[in-house]
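Since the structure comes first, as structure tokens, the remarks are kept for the end.
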Protein chains: 2
Amino acid sequence: MKIGLDILGGDYAPKSTILGAIAAQKELSEDQRIVLFGNEQETKQLIAEAGGDPALFDYVHAPDTIGMGEHPTKAITQKPNSSITKGFEALKNKEIDSFASAGNTGAMLVGSMFSVKTIPGVMRPAIAAIVPKLKSGTGLLLDVGANADCKPEMLNQFAILGSLFSEYVYGVSNPKVGLLNIGEEEEKGNLLTTSTYPILKQNTKINFVGNAEGRDLFSDCADVYVCDGYTGNVVLKLAETFYAVTLKKGFKDDFFDRFNYERYGGSPILGVNAPVLIGHGISTPEAIKNMVLLSKDMVESGIIDKIKSAFN
Amino acid sequence: MKIGLDILGGDYAPKSTILGAIAAQKELSEDQRIVLFGNEQETKQLIAEAGGDPALFDYVHAPDTIGMGEHPTKAITQKPNSSITKGFEALKNKEIDSFASAGNTGAMLVGSMFSVKTIPGVMRPAIAAIVPKLKSGTGLLLDVGANADCKPEMLNQFAILGSLFSEYVYGVSNPKVGLLNIGEEEEKGNLLTTSTYPILKQNTKINFVGNAEGRDLFSDCADVYVCDGYTGNVVLKLAETFYAVTLKKGFKDDFFDRFNYERYGGSPILGVNAPVLIGHGISTPEAIKNMVLLSKDMVESGIIDKIKSAFN
């Protein structure tokens, strides 16, 4: 297995990505290799300086960086030597089995759709975020930003994508799907959710449990919450803020700790033909390590083939 | 001044509403009277039993209750003797200056639109929720549920309504308006927000400061946050859940304390021809007390006339 990692992505790159890669490598077996995309010589030097062994990694020389503020499509096409462009090239050519970066989210999304492409039958890929449950375990919220405007059928597809991820990557049996909404009853909601409800209800591929309200997001109400990318993104950033406030206030608690994005490492782009993960811009070494390990889990789970079969 | 209060509204009514009314009355001046809508004899008896003086209140006999699950429009028309229907009748006839209830939100919304009616020029009234700021002070989020689907011009009107409330009821000078969105740049967002941005930018009646993300909601970024009622409702319920979790975990902190809805008492319906307040279903006596006091503040502020002038 070859796990691709962008060494130049993220606010604290390359230091944070190097340290994360070294930590992740220690948890991999011999046949699992991390392929680093960045300036090859510099990367090797930084690994050695950090006490790591450069020989334990593979490299693809990619000296150029796509900045956080750059226009995704322009950057992808105009920077052929950037770590993200090189990463997707390798992913497309099956030189790597997965690709992860804490860099420009838009470039990761566009790059995945340009290179490995959307799985036939999937209208639009979605970005899934992991949300902790109050009791224990993890739920999934999607979409959190890939599609600001959604049609009912897209939400229906997100439900399938999320269910497969929950089942095969997180091992949740028959995952429950909730529609993020503003009331429990079927007729409650906006145009999108009231149109989506009957479609989800009739979908035999998922275990739809009905509407879930903002207050249910951390309950055992569902394992997969679907909503449009605008709402999901607002919700995600609000939740992150609450976590940040509890940290700042010095509140220590297992539940709040589980809001720490570092634990999950990254958000998968679901619906493209390969495991692709986006890390938080502020990714620490711990986050990078867990993003690499989640990449490995995604490859091992065979999630892409499961999605392909479901949309066949 | 006559402040109308529904004695039968809320999960803990009439006990909670009676105790709240008694507490509020102590903070009013002689010319400010609370008018109680409910079973008159029972209400007087309960006030006496709770150690209050029934003579300090006015009464309108309304023995019927609209339940939390009842269909708003049907209930309003089919229950002429319900406390909410009687309340709006009195409000329409100017026998009271404001009306507040912790009962059926939909019935309160429909009731206000049927009785005192929407202010000419206002497309749709909005429900505003009070959000605490991390540093100090209070922000306003609207709409939080009256309008699940919104047009750009509605969000523009919410910005005006919220600004007037912030300025005249909370005393915020030149309140800043933020558009709840998923990116800082003007071109970011969904169809609704990208269409709303240029309208807000050109609106000379407000102090538009641009997009605000989920993470900005508790910052000093803005005093008034506008969004569609679906998103606002999801956000509000999520925020309430976080507050509930910190309470449950025993975290004591001024910022989290300020999430306590009891402090604010109720959410104003803005855009109708009289001050109308909706309380949380689980309203405690403290919440009821503060809802009565906020009713008084709204009447004193002359907010309705300010709104009428703005939309004239």
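Residue numbering restarts at 1 for every chain, and letters A, B, ... go by the order of the sequence lines. Keep in mind that what you see is a predicted model, and the values were worked out from it rather than measured.
The two residues A/G189 and B/A148 make their nearest non-hydrogen contact at O-CB, 3.4 Å.
Ring geometry for A/F242 against B/F242 counts as parallel: the plane angle stays under 30°, on a 0 to 90° scale with 60° as the upper cut.
Neither the backbone nor the side chain of B/A244 has a heavy atom closer than 4.5 Å to any heavy atom of chain A. For B/L191, the parts lying under 4.5 angstrom from a heavy atom of chain A are both the backbone and the side chain.
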Distance-only criterion, 3.5 Å: which donor-acceptor pairs connect chain B and chain A?
unit_1	atom_1	unit_2	atom_2	d
B/D149	OD1	A/L191	N	3.2
B/D149	OD2	A/L191	N	2.7
B/L180	O	A/Y230	OH	2.6
B/L191	N	A/D149	OD1	3.2
B/L191	N	A/D149	OD2	2.7
B/E213	OE1	A/K237	NZ	2.2
B/Y230	OH	A/L180	O	2.6
B/K237	NZ	A/E213	OE1	2.2
B/K249	NZ	A/D253	OD1	3.4
B/K249	NZ	A/D253	OD2	3.2
B/D253	OD1	A/K249	NZ	3.4
B/D253	OD2	A/K249	NZ	3.2

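Within the structure, salt bridge (charged side-chain N to carboxylate O under 4.0 Å, His left out) pairs that include any residue of residues 102-114 of chain A do not occur (at least two apart or interchain).
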